[in-house]
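Just so it is clear, the values below take in all heavy atoms, side chains as well, and ignore hydrogens, waters and symmetry mates.
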Amino acid sequence: MLSVRTISVIALMLLSGFFHLQAMAAMESTEKEGLAQNITALIIAHRQLPSEANVVQHVKILSAPAQLATLCSDPELSIAGNNDRLTGNKSIIARCGNRKKFIQVNVSAEGGWWSAVRTIKPGSVVQEKDIIARTGSLDRLPADLLFSKESIVGNTATRTISSGQAVTQSQLRRPWAAVTGQLVEILAQGNGFQIRTRGKALNNAAANKPLRVATHGGQIVSGILSADGVVTINLKE
């Protein structure tokens, strides 16, 4: 029969082991939370959103704890590939010196966006009365979702936007500042000189976009179109 002293020693050993395991679990949980916070900050910085969107993203780490345990205490993090979606599964690269590991995460998000109040036909200029603010989960919405009203109103629909449908970048284009066949002013400038002439636009273009122009002499040049219809060409020596 075990003595009272022996039983006490065994009990102390078991309790010590129990508290040690609890401490280790708490430490691992804290480290995982810190890693998730750093990954969340990385994802937020990667896709800069307007403040009025009020988007909140949540990161859940999918990689096994055994894999995370092999990481250094402060890995250098970056997003793998060209995944610009706000939500869904993503791969995060964690670098520890010359070692590189991949962490699998799932990102969910809530926030505000804009949807069509009525059907908007292709070629229509979107008015403020055509859209309405929505809030909720962003998990199933398109990657090129638009969050700013200013990035929607005044633009032209390139395809049908159905009533209730979220408005995205791919559905819109900026208004043309010049259209094919229009006479435009050309400003060619270099070090210490400027040349002004006129030419005919060879394509449609929005402000601050490239425009090809045929001059009166038959030469084809390309420059950046301003909002007031001037094509600027910077000449290098």
Is there a path of hydrophobic side-chain contacts, each under 4.5 Å between heavy atoms of I/L/V/M/F/W/Y residues, joining L211 to I224?
no
Are side-chain N/O atoms of S108 and Q57 paired as donor and acceptor at under 3.5 Å?
no
Quick one about T158 and R173 (side-chain donor to acceptor, distance below 3.5 Å, no hydrogens or angles considered), yes or no?
no
Begin with the C-alpha distance, continue with both residues' side-chain angles, and end with the deciding distance and a verdict on side chain to side chain contact (heavy atoms under 4.5 Å, CB included) for K209 and R174.
CA-CA 10 Å; K209 296 295 183 180; R174 294 168 62 186; 4.1 Å; yes
When you measure from the side chain of W114 to the backbone N and O of F147, does any donor-acceptor pair fall under 3.5 Å?
yes
State whether a side-chain donor-acceptor pair under 3.5 Å links S170 with D144.
yes
Using a cut-off of 6.0 Å, state whether more than 12 heavy atoms not belonging to R212 lie near its atom CZ.
no
From the list I92, V59, L62, side chain to side chain contact (heavy atoms under 4.5 Å, CB included) with I103 holds only for I92
Any sub-3.5 Å donor-acceptor pair from R198's side-chain atoms to I186's backbone N or O?
no
Give a yes or no on this: more than 12 heavy atoms of other residues, nucleotides or ligands lie within 6.0 Å of atom CD of E76.
no
From the list N208, N203, T232, V231, side chain to side chain contact (heavy atoms under 4.5 Å, CB included) partner of L225 resolves to V231
With a 3.5 Å cut-off and no angle check, do the side chains of Q189 and N234 form a donor-acceptor pair?
yes
Mind running side chain to side chain contact (heavy atoms under 4.5 Å, CB included) on N89 and V107 for me, showing each step along the way?
CA-CA 6 Å; N89 292 340; V107 182; over 6 Å; no
